[in-house]
Amino acid sequence: MNNIPGKITMSEWSEIFNSLPEKIIERYCYYNNNEWGRYLQPPATFFVYGARELKRLKFDNSLAALRMWGFVFNESERLFRAKQSGKKVIATCGDLGTVPVIIMGFPDCIPFYPECIWWTPFFNESNVLLEPAHQLGAPEAACFSKAALGAFYKRAYFPKPDLIFASTGASCDDYSCVLQLIEGLGYEIEWLEIPYRRGFDYPERFVKYLTNEYERVYKKMKNLTNFDKPEQLAETIKKINRLRLRVEEIKALVYNADISPLPALELMVIEFGNLYGYADIDEWLDIVDMIYETVKQRVAAHQGVLSPDAVPVAWITPSADPYLLNLIEDYGMRVVETEYVINQALVKIEEAIEPFTALAKSFMKASLIGSTRERIARIQKAVAAGRIKGIIITNMLGASHCAMETGLIGYYLRDVPSITIDVPAPSGITEQIKNRLMAFAETLRQGYYE
Amino acid sequence: MELIGYTCSYIPVEILSAAGYRPYRLLHGDFGLMEKSDPWLRVDACPLVRSNLGFLLEHQQRFVAVVGSTGCDMSRRMLEIVDAITDIPTIIINMPRTDRLEIYYDEIDYLIKRLAELSGGRIDDEQINRQIRVWEGLRNFYRHYSEKRRENPSRLSTVSFHHLVANFHQGNTQPVSYSQLEVSNLPRVFLLGSPVGYESTFLLKIIEKYLRIIWDYNCGLSRFLNVKIKGKGVDGIKSAYYQQPPCILRRPNKKFYEFIKKKIVEYKPTGMVLSTLDYCDAYEFELIKIGNIFGLPTLNLRSDFSFQNRSQLETRINAFQEMINT
């Protein structure tokens with residue numbers, strides 16, 4: 001393995017992979033099963049499986065990153081394996097980060113987020129999930145989370161869930177509508193109500209509303225599994241907190257390093273791992289620890305994957321197309337702050353209080369249940385501190401919160417330039433988008449705005 | 001009297017009125033108003049929301065507050081923009097999407113508290129009961145007109161009905177009568193879909209040139225008539241508003257479909273016109289289901305409140321009429 005950090009192509013990874021000793025490949029497996037749980041594979045393997053965008057992407061060249069990609073791309077297989085081996089597979093939709101904590105407290109229960117399949121059409125450069133979604137009623141101008149509808153319809157991307165929990169209320173309308181269509185396919189959905197926060201001095205009863213919902217989740221799970229040890233939830237919370245803390249440590253290292261020690265794409269995948277550990281929380285924790293060690297070593301050695309003069313920017317709303325995260329780095333920018341609508345999955349869950357209440361309180365910090373001002377407060381602070389020179393906002397045409405928030409985000413963060421990109425359909429990143437990003441980077445570099 | 005804006009069918013006008021304000025439902029659908037909100041909203045925002053924001057920006061001084069709910073994401077978020085760029089106070093209540101009666105009841109109590117703070121007075125049961133009498137009386141008055149649409153042959157156009165009920169939506173507590181007979185033997189249809197704006201008469205006129213709308217379930221038309229307050233005081237209001245036939249955004253939305261099916265049996269329309277606004281998630285996601293589930297010929301119309309597709313709309317409506325007649 002090359003010890004000099006950098007970003008490499010899929011083909012370069014294949015060459016390096018060929019030189020990896022077998023014992024390393026054998027070392028990593030999901031569900032702790034060395035017989036069928038190995039996942040360390042080069043990106044080219046997943047390219048062959050259909051992830052055609054991989055040929056355009058550049059990846060971090062560390063073993064930790066290789067392990068991460070192998071694990072993440074393997075999720076579909078893992079979920080089917082879980083089902084085959086008698087585990088319960090539970091779909092948790094819409095809340096992005098809290099309900100899975102309850103599910104993980106039950107033995108052999110695997111939570112996953114169907115909406116996270118929104119990356120698949122982009123990795124696959126294919127409309128194979130979006131087209132059926134449109135035929136089933138999702139508008140073309142709607143959030144790419146509609147890919148979940150296509151996946152439920154096709155039944156080939158994850159096994160039929162044993163239970164489906166879906167959050168609705170003060171969330172985005174698009175996904176709530178997608179879930180309604182999924183229910184229309186004949187899936188039974190347990191709906192959970194999410195309250196609107198109304199400021200951080202919200203009434204205590206909002207916590208109670210959520211607590212009731214989480215207790216309902218627990219009861220459903222208890223009935224499904226015949227397992228009833230509420231104290232287990234406290235243990236799971238500790239585990240989740242360990243993950244969240246580790247991810248915050250990685251982010252802090254990456255954001256504050258002189259030279260960025262990890263690409264933005266890998267860091268986004270790491271952040272989203274907080275939602276459910278990509279369907280094997282223990283293995284994911286181990287991967288994140290390994291990434292942390294890699295990043296720490298790089299920072300200590302003053303090594304990184306980007307140019308030292310890369311311009312620091314913040315990224316608001318995750319991009320369904322991973323290629324964009326690559327591109328901005330190619331053009332000389334680096335991501336040093338994010339708001340990927342998953343704040344609820346990043347915060348520490350209180351451990352000294354009743355677990356359901358702790359979960360409810362952590363969810364009350366969610367990105368989309370309050371105001372835009374609250375959502376981007378962290379980025380506002382970073383702008384005020386001079387840590388951020390520009391803002392990149394990625395949107396989806398027709399997605400309810402994107403349409404309403406973009407203007408306000410620009411208003412609240414008006415001290416720095418911002419650029420808004422409507423993420424196009426798969427394979428849709430045009431020269432025009434590239435030119436806009438290049439021009440944005442150029443503007444930031446030259447400091448015209450200052 | 002100062003206006004208090006509101007955005008949702010689950011916000012009780014009786015309570016807004018008891019606070020001493022004139023309840024004004026934000027139901028604007030004007031292309032010119034939309035342009036005024038352009039600095040704040042993307043083109044893929046709901047045209048009704050864009051138009052309402054434009055109206056609020058243009059008439060800020062007339063509004064003492066705006067009350068919204070979480071019933072629809074874009075409407076809720078509009079209030080944050082109002083809060084950020086105007087001096088109009090905003091109040092947002094949680095309108096549960098699932099069957100969580102206690103949340104709605106608590107939120108109505110919160111609304112009353114906030115309105116009392118805003119008006120500097122108390123809102124007591126006596127005031128509430130007085131307002132129930134006023135507004136329930138108005139609903140009864142307009143129910144009578146809605147029934148005229150239903151008669152066979154229909155004796156009132158929805159164009160005229162729309163004009164009449166705009167008075168209710170704009171907080172006019174004086175009943176406005178209409179005595180002209182508008183008998184029609186055109187095919188009898190239902191109207192479903194996104195809210196019908198105050199400025200949407202042109203669309204209704206085109207539809208009713210070829211069809212007669214005998215019932216609807218649209219905000220801005222007769223949806224408010226489904227609220228029937230039987231009890232007294234705040235509890236009577238809470239119960240009536242919560243029990244009204246559900247919004248399509250309720251989860252699951254099975255009861256919405258059951259309600260419409262019941263109405264189809266009752267009214268026996270020969271077709272259905274589904275009118276949606278651009279980017280209206282509530283209905284756009286359900287178009288296929290609505291087209292399939294009721295067993296009626298259905299025409300989907302889409303609008304952004306502009307007149308640009310007027311001729312195309314007319315051709316399609318005309319073709320729909322021919323199809324029904326055949």
Side-chain angles (χ1 to χ4, degrees), chain A residues 135-139 141-143 146 149 166-181 183-184 189 191-198 203 205-206 208-209 212-213 368-374 395-408 410-412 420 422, chain B residues 37-46 49-50 53 68-81 83-85 91-100 102-103 106-107 110 248-254 257 276 278-293:
Chain A
Q135 284 159 16
L136 292 164
C143 173
K146 63 191 167 189
L149 174 60
S167 300
T168 185
S171 60
C172 74
D173 280 345
D174 290 63
Y175 197 51
S176 175
C177 293
V178 165
L179 287 163
Q180 184 59 67
L181 292 179
E183 193 177 57
I189 289 183
W191 295 93
L192 308 174
E193 186 74 34
I194 293 177
Y196 170 64
R197 181 169 53 225
R198 211 156 55 210
R205 63 187 157 88
F206 289 5
K208 187 64 192 155
Y209 299 153
N212 290 344
E213 299 299 86
L368 290 181
I369 66 166
S371 67
T372 306
R373 189 197 291 268
E374 290 160 359
N395 284 328
M396 284 132 311
L397 188 74
S400 62
H401 72 91
C402 294
M404 299 300 293
E405 286 197 297
T406 307
L408 268 185
Y411 174 69
Y412 290 137
T420 303
D422 281 350
Chain B
S37 66
D38 279 353
W40 301 100
L41 298 177
R42 284 161 49 94
V43 289
D44 54 340
C46 159
V49 168
R50 290 171 70 194
L53 182 61
S69 83
T70 55
C72 153
D73 192 32
M74 290 208 206
S75 276
R76 184 258 279 191
R77 291 181 182 279
M78 180 187 79
L79 265 66
E80 192 194 347
I81 300 175
D83 202 40
I85 63 172
I91 303 169
I92 300 176
I93 63 164
N94 275 292
M95 174 55 225
R97 298 281 178 94
T98 56
D99 196 7
R100 300 287 181 275
E102 74 282 6
I103 296 181
D106 288 346
E107 291 291 280
Y110 163 77
I248 195 169
L249 278 173
R250 293 294 286 274
R251 295 290 176 260
N253 62 13
K254 197 173 147 196
Y257 283 100
T276 57
D278 281 357
Y279 310 110
C280 173
D281 286 341
Y283 278 93
E284 280 206 332
F285 277 83
E286 299 285 326
L287 288 178
I288 292 177
K289 187 173 179 184
I290 290 174
N292 292 333
I293 202 167

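So that the names make sense, note that chain A is the first sequence line, chain B the second, and so on, each numbered from 1.
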Can A/Arg373 and B/Asp83 be counted as an ion pair, charged N to O under 4.0 angstrom?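 Looking at A/Arg373 and B/Asp83, the cut-off is not met.
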
Test: B/Glu102 and A/Lys208 ion pair at under 4.0 Å: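 Here B/Glu102 does not pair with A/Lys208 in a salt bridge, since their nearest N and O are not under 4.0 Å apart.
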
Can you tell me which portion of [X] sits under 4.5 Å from chain A's heavy atoms? Options are side chain, backbone, both or neither.
X        : answer
B/Cys72  : both
B/Val49  : side chain
B/Arg250 : backbone
B/Ile92  : both

Measuring heavy-atom distances to chain B, does [X] have an atom under 4.5 Å in its side chain, in its backbone, in both, or in neither?
X        : answer
A/Ser171 : backbone
A/Glu374 : neither
A/Glu183 : side chain

For [X] and [Y], indicate whether the former's side chain and the latter's backbone hold a donor-acceptor pair under 3.5 Å.
X        : Y        : answer
A/Asp173 : B/Asp73  : yes
B/Glu80  : A/Ser371 : no
B/Asp44  : A/Ala403 : no
B/Arg251 : A/Gln180 : no

Donor on one side chain, acceptor on other, B/Asp106 and A/Tyr209, under 3.5 Å: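 Yes, because at least one side-chain N or O of B/Asp106 sits under 3.5 Å from a partner of the opposite role on A/Tyr209.
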
Do you know which two heavy atoms are closest between [X] and [Y], and how far apart they sit?
X        : Y        : result
B/Asp281 : A/Gly398 : OD1-O, 4.1 Å
B/Ile288 : A/Gln135 : CD1-O, 3.1 Å
A/Val178 : B/Phe285 : CG2-CE2, 3.7 Å
A/Cys177 : B/Leu249 : SG-CD2, 3.9 Å
B/Ala45  : A/Met404 : CB-SD, 4.0 Å

Please tell me if the side chains of [X] and [Y] come closer than 4.5 Å, counting only heavy atoms from C-beta onward.
X        : Y        : result
B/Ile81  : A/Leu408 : yes
A/Tyr196 : B/Glu107 : no
B/Arg42  : A/Leu397 : yes

Largest heavy-atom contact set with chain A, pairs under 4.5 Å, which of [options]:
options                             : value
B/Ile93, B/Asp278, B/Ile85, B/Leu41 : B/Leu41
B/Pro252, B/Cys46, B/Pro39, B/Pro96 : B/Pro252
B/Glu284, B/Met78, B/Arg50, B/Arg97 : B/Arg97

Nearest 0.5 Å, what's the CZ-CG distance between A/Arg197 and B/Asn94?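 Answer rounded to 0.5 Å: 11.5 Å.
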
Taking atom OG1 of B/Thr70 and atom CD1 of A/Ile369, what is their separation to the nearest 0.5 Å?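 Here the rounded value is 11.0 Å.
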
Given the rule in the salt bridge (charged side-chain N to carboxylate O under 4.0 Å, His left out) test, do B/Arg77 and A/Glu405 qualify, once you have shown the distances and angles that lead to the verdict? CA-CA 8 Å; B/Arg77 291 181 182 279; A/Glu405 286 197 297; 3.3 Å; yes

When only pairs under 4.5 Å are counted, which of A/Ile194, A/Thr406, A/Ile189, A/Thr372 shares the most heavy-atom pairs with chain B?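 Max contact count across the listed options: A/Thr372.
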
Under a 4.5 Å cutoff for heavy-atom pairs, which residue among A/Ala138, A/Ala141, A/Ser176 has the most contacts with chain B?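 Top option by heavy-atom pairs under 4.5 Å: A/Ser176.
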
